Peer 1: 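Below: one structure in structure tokens.
Just so we're clear, the structure is a prediction, and the values are computed from it rather than from any experiment.
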Amino acid sequence: MSTENAATFDCPECDVSAPSTSVPYDSLGYVVCPVCGYAATPDPERSTSFEWSPGTEGSPSADD
């Protein structure tokens with residue numbers, strides 16, 4: 001007997017929980033709460049914290 005756990009959306013604003021397949025998404029693909037309208041978007045702190053230095057391990061090169 002197999003068990004499947006469906007993915008759920010848990011809203012941090014209104015605490016509603018719903019199957020992720022029944023939750024709408026905006027034009028950029030971010031989830032929108034069907035009850036309160038909360039939109040999950042990237043955290044500005046995390047999106048600007050990435051720093052890349054040329055010549056470091058894992059950096060893109062012309063040989064790739």
Peer 1: When Ile, Leu, Val, Met, Phe, Trp and Tyr are grouped by side-chain heavy atoms lying under 4.5 Å apart, directly or through other members, which residues fall in the same group as Val32?
Peer 2: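 For Val32, no cluster forms, as it stays isolated from other hydrophobic side chains.
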Peer 1: Identify, with sequence neighbours excluded, every residue that meets side chain to side chain contact (heavy atoms under 4.5 Å, CB included) alongside Val35.
Peer 2: Cys14, Val16, Cys33
Peer 1: Could you pull out all residues at least two apart from Ser17 that satisfy side chain to side chain donor-acceptor pair (under 3.5 Å)?
Peer 2: Asp10
Peer 1: Which atom pairs, donor and acceptor, lie under 3.5 Å between side-chain atoms of residues 20-31 and protein residues at least two apart or in another chain?
Peer 2:
from  : atom 1 : to    : atom 2 : distance (Å)
Ser20 : OG     : Ala7  : O      : 3.3
Ser22 : OG     : Pro19 : O      : 2.9
Tyr25 : OH     : Ser20 : O      : 3.4
Asp26 : OD1    : Leu28 : N      : 3.0
Asp26 : OD1    : Gly29 : N      : 2.9
Asp26 : OD1    : Tyr30 : N      : 2.8

